[in-house]
Amino acid sequence: MLRRRFRAMGTEIELLLDALPSATAMHGLARAEREFARLERLLSRFDPGSELSLLNERGTMTAGPELLEVTALAVAARERTRGRFDPTVHDALVAAGYDRSFEHLPSDAGRPAVLAGPCGGGVRIDGAVSTIQLDPGVHLDLGGIGKGYAADRAAALLAVAGPALVDAGGDMALHGRPWQVGVETPGGTLTLELGSGGLATSGRDRRRWARAGREQHHLIDPVTGRPAESDILRVTVAAASAVDAEVHAKALFLAGAAGALREANALALPAVIVCADGRTLVSEVIG
Amino acid sequence: MTDHVARLYAATAALAAFFLAWAGIAARPWVPHQQDPRAAAIGRLEQRLQRDATLVQQVVDARNATYRAALARSRAAAAAPAPAPPVRVVTLPPLTTTRTS
């Protein structure tokens, strides 16, 4: 098993390739790592020179294929989840204090209390002329879905060298063989086995910070424009791709434990829900 | 008409004829026409750029068609997501552990 770890997109990335060391394998690992760097330069909201930052600054622009595709996926996910997954939470994240790369967030001292940020603004994509147009004052955050997209792309690049797993800080893309992935629960680690597809975990147990003495996290409820208040600590979802898994994980987190389990069962989604009170709920479809 | 006026008309006609003849000779119609080499070079460059532009447009059109097909697939997938893969709980040690993204 070949492993490569590196940092990209503000998180730890791990590539697993089930192959013997060879030129093809090494080339595949290098290509996958370069793909993360390339997509980060396009999709990061913290890089003022990224294509996404230019879009947020100008409001309208002719976009490259990747930004166009990720934005289209995010807007479609917003419709599918009836607004629970929303790429327009950028200003709400900034209002909550997440205004720079997570590792550079300052301490709470002297920072003002959290304000609500607007969400749900209009995003229009014209595929015929490759343009994206944001309503005035609307800014996009493609952090989570961007990582899922990068994981899917990197896994596709690695797949030519053998069965592969790409873990982009919790957003996983898997390909080519049954993979055993641990899910942490209060009762210990639960090992799930799945083949090709995606797996993502969303929660409020990491990427937390404090503002005016109150703990904040990065999962914004688009209804309130503030970090979501949920009885879920974290939720892990498997889906056909890392992008789909990321979208479902966020949507289930916002649904609350009972709603999340009901929705996972209705959609036949494999999901493990760790509640704040220590309970672990597993959807029916997990055998 | 007096002789004086007739002489004035004759002198004017002679002057006009002289200038016409001068313009005709200055144009050197017996010398074959030669195109300016700089204009010829610009013409060749224009033709080459037109050929290159046609080729580039063909490449752009092909890539655009490929991208639009991929985008259509993505949109179709987003509108009706593929079913989740089968997942089961096993007792094997995990190869990696998921954590909050």
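To find a chain, count down the sequence lines: A is the first, B the second, and so on, and within it residues start at 1. Values in this document were obtained by computation on a predicted structure and should not be read as measured data.
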Where do [X] and [Y] come nearest, in terms of heavy atoms and distance?
| X | Y | value |
| --- | --- | --- |
| L194(A) | P85(B) | CD1-CG, 4.0 Å |
| V90(B) | E193(A) | CG1-CB, 3.7 Å |
| L269(A) | A84(B) | CD2-CB, 4.4 Å |
| P83(B) | A240(A) | O-CB, 3.7 Å |

Problem set entry | R177(A) atom CZ, neighbour heavy-atom count above 12 within 6.0 Å |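 Yes, CZ of R177(A) has more than 12 neighbouring heavy atoms, counting only those of other groups under 6.0 Å.
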First locate atom [atom1] of [X], then atom [atom2] of [Y], and finally report the distance between them rounded to the nearest 0.5 Å.
| X | Y | atom1 | atom2 | answer |
| --- | --- | --- | --- | --- |
| T96(B) | R3(A) | OG1 | CZ | 6.0 Å |
| T91(B) | Q180(A) | OG1 | CD | 9.5 Å |
| R88(B) | T191(A) | CZ | OG1 | 11.5 Å |

| task | Before giving the answer on side-chain contact (heavy atoms from CB on, under 4.5 Å), spell out for L192(A) and V89(B) the whole-Å C-alpha distance, their side-chain angles and the decisive distance to 0.1 Å. | result | CA-CA 5 Å; L192(A) 302 181; V89(B) 177; 3.9 Å; yes
Who among [options] has the most heavy-atom pairs with chain B under 4.5 Å?
| options | answer |
| --- | --- |
| L190(A), V181(A), L233(A) | V181(A) |
| E79(A), E184(A), M172(A) | M172(A) |
| G148(A), G197(A), A239(A) | A239(A) |

### Task
Check V183(A), T236(A), T11(A) against R99(B) for a side-chain contact (heavy atoms from CB on, under 4.5 Å) and give me the one that passes.
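Running side-chain contact (heavy atoms from CB on, under 4.5 Å) over V183(A), T236(A), T11(A) with R99(B) returns exactly one hit, T11(A).
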Residue [X] versus chain B: region with a heavy atom under 4.5 Å:
| X | answer |
| --- | --- |
| A238(A) | both |
| S196(A) | backbone |
| E14(A) | side chain |
| E12(A) | both |
| A128(A) | backbone |
| T189(A) | side chain |

Q. Where do L95(B) and L165(A) land on the side-chain contact (heavy atoms from CB on, under 4.5 Å) test, with the steps shown first?
A. CA-CA 10 Å; L95(B) 287 161; L165(A) 181 153; 5.9 Å; no
Return the set of residues passing salt bridge (Lys or Arg N to Asp or Glu O under 4.0 Å) with D36(B) (not counting sequence neighbours), or none when no residue passes.
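Scan of D36(B) (salt bridge (Lys or Arg N to Asp or Glu O under 4.0 Å), adjacent residues dropped) gives R38(B).
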- Query: Hey, are T201(A) and T98(B) close enough side-chain-wise for a donor-acceptor pair under 3.5 Å?
  - Reply: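 There is such a pair between these side chains.
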**Q.** Partners passing side chain to side chain contact (heavy atoms under 4.5 Å, CB included) against L15(B) (at least two apart in sequence or in another chain)
**A.**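 L15(B) satisfies side chain to side chain contact (heavy atoms under 4.5 Å, CB included) with F19(B) only.
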